[in-house]
Amino acid sequence: MKIFSAPLQGYTDCAWRNIHSRVFAGTIDCYYAPFLRLEKGAFRNKDLRDITPEANSSYRLVPQVMACPREHFSVLVEKVASMGYREIDINMGCPFPPVVKRHCGAGVLPYPEEVKAMLAVLCEYPDVAFSIKMRLGVENCEEWRTLMPIIAAVNPVHVSLHPRTARQQYGGEINMEQFGRFYDEAPFPVVYNGDLRTGDDITSVSTRYPRLCAMMIGRGLLYNPALAYSGNDARHKIMVMHRLLFEYYRNHLCGDAHLLAKMKSLWEYFLAETGDRKCRKKILKSSSIEKYNAAVEEFWHSLNND
Ligand SMILES: Cc1cc2nc3c(=O)[nH]c(=O)nc-3n(C[C@H](O)[C@H](O)[C@H](O)COP(=O)(O)O)c2cc1C
């Protein structure tokens with residue numbers, strides 16, 4: 001079964017992807033970049049730099065676009081296609097309330113005519129393949145039903161479904177019953193996405209749905225970057241990944257405060273539920289790089305005592 005790395009805005013940036021793909025080479029079939037969008041009508045250089053083919057040359061990358069307002073959709077597709085990409089992922093899953101309110105991200109799901117109008121742009125790009133990343137609906141977990149023929153008509157390479165509503169955001173029960181219906185009825189390849197945290201989770205979903213074209217993992221790879229790795233030196237590799245991320249951000253971010261904030265944000269997920277809780281707290285509360293490094297050292301020792 002193929003494994004995809006899900007887009008996680010603020011986490012799976014180009015540095016994370018490069019380092020992950022180097023340390024855990026061969027474990028991920030495709031990395032999906034966090035959504036590209038226009039801000040106040042313009043692209044941010046930082047966002048474009050993140051997806052240049054040169055900076056992402058050592059793995060397969062599919063950029064994602066999220067148009068908000070949706071009138072930006074064709075500008076976004078045009079930009080990504082002009083960078084040479086021949087596959088683009090369309091965000092129809094972002095549950096952030098201000099986005100949803102504007103009928104963008106997952107907010108478009110209850111409006112089939114708006115989905116149709118947005119996807120109509122794709123006919124202008126016959127040499128670009130499109131995938132869609134979506135949820136079950138906004139409030140109603142059966143909104144996908146009306147959309148299925150509209151989506152099928154644009155012939156997506158696949159649709160990744162996170163079986164929650166936008167209202168649920170990233171918590172609450174995953175709706176496997178609705179996922180099963182979507183999987184049974186979809187005339188296009190389906191990718192499962194949601195709450196895959198362990199190797200057993202991956203095995204059980206892929207066994208239950210053998211026709212899936214891939215499993216997409218988001219937070220699971222932040223919790224455990226070795227999730228799809230089967231070697232017995234996973235812990236060592238995780239430490240290497242941490243060191244490389246630290247070095248990269250130390251060289252590219254401005255000053256200790258920025259570096260500390262970035263590293264601490266990674267630890268909101270990194271190895272949660274593992275190691276000594278007090279050490280973790282120390283990392284998250286560290287007020288200087290020296291204290292951060294000392295707390296991380298202590299954390300690694302606590303893992304050895306597990
Ligand atoms: C902090 C954060 C940022 C995210 N950014 C994106 C994004 O840019 N594009 C997208 O399609 N989904 C985004 N997602 C959703 C994830 O890709 C994924 O669908 C979701 O986390 C559920 O999968 P998981 O349980 O494996 O994490 C984000 C989720 C989180 C928690």
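Contacts of S131 classified as side chain to side chain donor-acceptor pair (under 3.5 Å), with partners at least two apart in sequence or in another chain: D89. Taking E177 as the reference, R181 meet the side chain to side chain donor-acceptor pair (under 3.5 Å) condition, with sequence neighbours excluded.
In this structure, N193 contributes its side chain and M216 its backbone to a donor-acceptor pair below 3.5 Å. Distance alone, capped at 3.5 Å, is enough to place a donor-acceptor pair between the R70 side chain and the H103 backbone. Between the R167 side chain and the V138 main chain, no donor and acceptor come within less than 3.5 Å of each other. A donor-acceptor contact shorter than 3.5 Å links the side chain of K264 to the backbone of S286. A donor-acceptor pair is defined here as one N or O able to donate and one able to accept, closer than 3.5 Å; such a pair exists between the side chain of K237 and the backbone of V23. Judged by distance alone, with hydrogens and angles left aside, the side-chain atoms of R37 form no donor-acceptor pair with the main-chain N or O of P69 at under 3.5 Å. Looking at E143, its side chain does come within 3.5 Å of a backbone N or O of N140 through a donor-acceptor pair. In this structure, the side chain of E139 does not engage the main chain of T165 through any donor-acceptor pair within 3.5 Å. The main-chain N or O of G105 is never found under 3.5 Å from a side-chain atom of N91 such that the two would form a donor-acceptor pair.
Hydrophobic clustering of Ile, Leu, Val, Met, Phe, Trp and Tyr side chains at less than 4.5 Å, counting indirect connections, keeps V62 apart from Y85. Grouping the Ile, Leu, Val, Met, Phe, Trp and Tyr side chains by contacts below 4.5 angstrom, directly or via other members, places L271 with L244. Residue V115 is grouped with residue I132 when hydrophobic side chains (ILVMFWY) are merged at heavy-atom distances under 4.5 angstrom, including chains of intermediate members. Hydrophobic cluster membership is shared by F73 and F43, with clusters built from Ile, Leu, Val, Met, Phe, Trp and Tyr side chains linked at under 4.5 angstrom. Two different hydrophobic clusters hold L61 and V157 under the rule that ILVMFWY side chains link at heavy-atom gaps under 4.5 Å.
Classification of R250 and D256 as a salt-bridged pair fails, no side-chain N sitting under 4.0 Å from a carboxylate O. A salt bridge does not link K282 to D276: none of the charged nitrogens lies less than 4.0 Å from a carboxylate oxygen. Ionic pairing of R145 and E185 is present here: one or more N-O contacts between side-chain nitrogen and carboxylate oxygen are shorter than 4.0 angstrom.
T27 and A228 make their closest contact through CG2-O, 3.5 Å (heavy atoms, listed as atom of the first residue, atom of the second, distance). In plain terms, the two heavy atoms of K2 and D29 that are nearest each other are CA-OD2, 3.2 Å. For E87 against V128, the heavy-atom pair with the smallest separation is N-CG1, 4.2 Å. Between M241 and P225, the shortest heavy-atom distance links the atoms SD-CB, 3.6 Å. Nearest heavy atoms, V100 versus A166: CG2-CB, 4.3 Å.
M263 places a side-chain heavy atom less than 4.5 Å from the side chain of H242. The shortest side-chain heavy-atom distance between P95 and Q168 does not fall under the 4.5 Å cut-off.
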If you apply the rule salt bridge (charged side-chain N to carboxylate O under 4.0 Å, His left out), what do you find for D50 with R17, and how did you get there?
CA-CA 10 Å; D50 192 73; R17 297 190 300 265; 3.1 Å; yes
Run L221 and T12 through side-chain contact (heavy atoms from CB on, under 4.5 Å) and show every step you take.
CA-CA 10 Å; L221 285 172; T12 59; over 6 Å; no
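Summarising the geometry, atom SG belonging to C104 is positioned 8.5 Å from atom CE belonging to M118; distances are rounded to the nearest 0.5 Å. Interatomic distance, SG of C14 versus CZ of R49, reported as 10.0 Å (0.5 Å rounding).
Checked against the 6.0 Å centroid criterion, the rings of W300 and H236 do not qualify as a close aromatic pair. Less than 6.0 angstrom separates the ring centroid of Y269 from the ring centroid of Y11. Taking the six-membered ring for Trp and the full ring otherwise, the centers of F4 and Y32 sit less than 6.0 Å from each other. You'll find the ring centres of Y209 and Y192 outside the 6.0 Å limit.
Under the 6.0 Å distance and 45° angle rule, R135 counts as a cation-pi partner of Y170.
No donor-acceptor contact under 3.5 angstrom links the side chains of N175 and R164, judged on distance only. At a cut-off of 3.5 Å, with distance as the only test, a side-chain donor of T198 or D201 sits close to an acceptor on the other residue. There is no side-chain donor-acceptor pair under 3.5 Å between W16 and Y249. Side-chain N/O atoms of Y248 and N251 include no donor and acceptor closer than 3.5 Å.
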